[in-house]
Amino acid sequence: MIKRAALIGLGTMGPGIAARLSRGGLDVTAYDVSQAAVERARGMLDLAGGVLDRLDITSPGTGAGTVRFVETIAEAVDGAELVIENVPENIDIKARTYRDIDPLIGPSVIVASDTSGIPITKLQAHISHPERMVGMHWSNPPHIIPMIEVIGGEQTAPETVATIRDLIRSLGLLPVVVKKDVPGFVENRVLYALLREAVDLVERGVIEPEDLDTCVSWGIGYKIAVIGPMALLDMAGLDIYKSVSSFLNADLSNRDDVAPMVMEKTAASKFGIKSGEGMFSYTPEQAKALQGERARKLVAVRRILEGRE
Ligand SMILES: NC(=O)C1=CN([C@@H]2O[C@H](COP(=O)(O)OP(=O)(O)OC[C@H]3O[C@@H](n4cnc5c(N)ncnc54)[C@H](O)[C@@H]3O)[C@@H](O)[C@H]2O)C=CC1
Ligand SMILES: Cc1ncc(C=O)c(C(=O)O)c1O
């Protein structure tokens with residue numbers, strides 16, 4: 001089983017991934033081009049560890065692994081059996097990262113991308129031995145959400161998919177092997193269809209942002225956490241779904257570009273919590289309180305869903 005992992009890119013996802021892997025007994029070496037990102041990640045490890053404690057996630061008999069922050073990418077990948085790439089969702093940055101690590105790692109070292117949806121087939125065009133490249137798509141926050149998508153590209157060896165699937169299982173997490181390498185894989189295709197409709201409804205003035213969140217979180221979100229979409233079809237009745245979709249599907253948002261509201265906000269550097277304003281506004285204190293409150297609620301819901309409460 002894999003024992004040494006390199007994590008390239010920290011940012012939003014990196015600290016939680018590092019914390020979760022080390023709790024599972026892996027030794028992680030983490031690298032980021034930004035020292036600020038390294039310091040932020042260093043400061044987040046204990047917080048993530050506390051959440052893992054509340055989830056009763058223990059380490060294997062061999063004990064917890066370590067997280068070491070290193071100053072060069074070469075140090076990060078030295079001796080690693082797995083390299084997790086977690087740089088920005090930009091194929092040029094990812095390709096450059098693969099070119100940087102290629103001469104530093106052997107042909108059997110697995111390179112797993114945390115990409116949100118760039119097809120793995122596209123990514124593996126930028127690395128030697130493409131059979132060792134795979135998608136390992138975590139969800140935010142990665143130390144709490146147990147489901148991880150595993151996606152093989154056209155040139156990915158089945159053994160590579162199986163190795164990552166088994167690693168995820170050995171960590172006590174939920175691997176979902178996606179059968180076809182489609183953009184967005186599965187989770188984000190469903191999420192982005194939902195978000196496209198949600199943004200469209202707010203943009204057209206059908207509903208206020210706060211009320212949309214109440215409607216979706218306490219309606220669909222609450223239900224879907226317990227009853228998955230396919231099971232929900234059977235609960236509601238496929239006849240009902242047929243009747244409603246016969247008129248509603250044609251009326252849903254089918255835009256293939258980015259909503260003007262999102263273009264305007266991002267052009268004004270209104271990215272959300274990370275910039276203090278997005279759909280809503282946040283002071284640093286509010287952002288910190290929200291992070292804690294959301295972690296507490298996600299832990300409580302997960303404990304109930306796992307039948308531990
Ligand atoms: N933010 C989210 O909710 C999720 C993001 N993802 C995916 O994970 C990947 C990372 O996402 P985030 O953590 O949100 O990105 P981010 O933009 O927050 O962080 C990326 C980090 O990579 C660093 N970086 C940039 N170029 C680098 C290089 N050449 N070498 C090393 N480090 C470099 C940056 O300094 C930054 O700290 C993306 O592919 C994203 O789509 C996956 C699941 C959820
Ligand atoms: C908006 C959004 N986009 C991508 C991802 C993951 O790839 C997430 C998430 O994990 O929650 C997300 O919320």
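Just so you know, ligand 1 is whichever comes first in the structure, and atom 1 is the first atom listed for that ligand. Count residues from 1 along the sequence.
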| task | Apply side-chain hydrogen bond (donor to acceptor under 3.5 Å, both in side chains) to Gln286 and list each qualifying residue two or more places apart in sequence or on a separate chain. | result | Thr283
| So does Arg169 pair up with Asp166, basic N to acidic O under 4.0 Å? | yes
| said: I'd like to know whether CG of Asp46 has more than 12 heavy-atom contacts from other residues, nucleotides or ligands below 6.0 angstrom. | reply: no
| remark: min-distance protein heavy atom vs atom 23 (C) of ligand 1 -> Asp32 OD2, 3.2 Å
| task | Between Asn140, Asp100, Thr12, flag the one that comes closest to atom 14 (O) of ligand 1 by a heavy atom. | result | Thr12
| message | I need the nearest protein heavy-atom contact for atom 40 (C) of ligand 1: residue, atom name and distance, please. | response | Ser116 OG, 3.5 Å
| remark: A student checking ligand 1 against Thr97 at a 4.0 Å heavy-atom cut-off should list atoms 29 (N)
| query | With respect to atom 22 (O) of ligand 1, which of Pro88, Ala76, Ala37, Gly11 exhibits the smallest heavy-atom separation? | reply | Pro88
| field | Side chain, backbone, both or neither: His137 near ligand 1, heavy atoms under 4.0 Å | value | side chain
| note | At under 4.0 Å between heavy atoms, what of Leu10 touches ligand 1? The answer is backbone
| note | Excluding Leu233, membership of its hydrophobic cluster (Ile, Leu, Val, Met, Phe, Trp, Tyr; side-chain heavy atoms within less than 4.5 Å) reads Met230, Leu238, Tyr241
| query | When you measure from atom 38 (C) of ligand 1 to each heavy atom in Val87, Thr115, Leu123, which option holds the nearest one? | reply | Val87
| Residues Lys122, Asp181: salt bridge by 4.0 Å N-O rule | no
| request: With sequence neighbours excluded, tell me which residues meet side-chain hydrogen bond (donor to acceptor under 3.5 Å, both in side chains) with Glu264. | output: none
| So, Asp200 and Arg196, do they make that salt bridge, N to O below 4.0 Å? | no
| request: Just jot down the ligand 1 atoms closer than 4.0 angstrom to any heavy atom of Gly9, in number order. | output: 22 (O), 32 (N)
| query | Between Asp78 and Arg68, is the closest basic N to carboxylate O distance under 4.0 Å? | reply | no
| request: Measure the distance from atom 10 (C) of ligand 1 to every protein heavy atom, then report the residue, atom name and distance (to 0.1 Å) of the closest one. | output: Asn86 OD1, 3.2 Å
| query | With the threshold set at 4.0 Å, does a side-chain nitrogen-carboxylate oxygen contact exist between Glu81 and Arg4? | reply | no
| query | When you measure from atom 39 (O) of ligand 1 to every protein heavy atom, which one gives the shortest distance, and what is it? | reply | Glu89 OE1, 2.5 Å
| field | Closest heavy-atom pair and its distance - Ser281, Glu277 | value | OG-CG, 3.5 Å
| query | So between Ile101, Val33, Asp114, whose heavy atom ends up nearest atom 24 (N) of ligand 1? | reply | Val33
| message | I need the single residue from Val67, Val28, Thr29 that forms a side chain to side chain contact (heavy atoms under 4.5 Å, CB included) with Leu7. Which is it? | response | Val28
| task | Heavy-atom distances under 4.0 Å are what count here, so tell me which part of Ile8 touches ligand 1: side chain, backbone, both or neither. | result | side chain
| query | Are the charged groups of Asp53 and Arg23 less than 4.0 angstrom apart, N to O? | reply | yes
| said: Suppose I only count heavy atoms of Ile93 and a 4.0 Å limit; which atoms of ligand 1 are within that range? | reply: 26 (N)
| task | Would you mind telling me if ligand 1 is within reach of the side chain of Lys94, the backbone, both or neither, using heavy atoms under 4.0 Å? | result | side chain
| query | atom 43 (C) of ligand 1: which protein heavy atom is closest, and how many Å away? | reply | Trp138 O, 3.1 Å
| message | More than 12 heavy atoms of other residues, nucleotides or ligands under 6.0 Å from CD of Glu208: yes or no? | response | no
| query | Taking non-hydrogen atoms only, is Ile73 closer than 4.0 angstrom to ligand 1 via side chain, backbone, both or neither? | reply | neither
| ligand 1 atoms in contact with Ser34 (distance to a heavy atom under 4.0 Å) | 35 (O)
| Within a reach of under 6.0 Å around CD of Glu154, are more than 12 heavy atoms found that belong to other residues, nucleotides or ligands? | no
| query | What protein heavy atom sits nearest atom 2 (C) of ligand 1, and how far off is it? | reply | Met13 SD, 3.8 Å
Polar pairs, ligand 2 vs protein, N/O only, below 3.5 Å.
residue: ligand 2; atom: 3 (N); partner: Tyr192; partner atom: OH; Å: 2.6
residue: ligand 2; atom: 7 (O); partner: Ser116; partner atom: OG; Å: 2.7
residue: ligand 2; atom: 7 (O); partner: His137; partner atom: NE2; Å: 2.7
residue: ligand 2; atom: 7 (O); partner: Asn188; partner atom: ND2; Å: 2.8
residue: ligand 2; atom: 10 (O); partner: Asn140; partner atom: N; Å: 3.0

| said: For Lys94, is there an ion pair with Glu85 - N to carboxylate O distance below 4.0 angstrom? | reply: yes
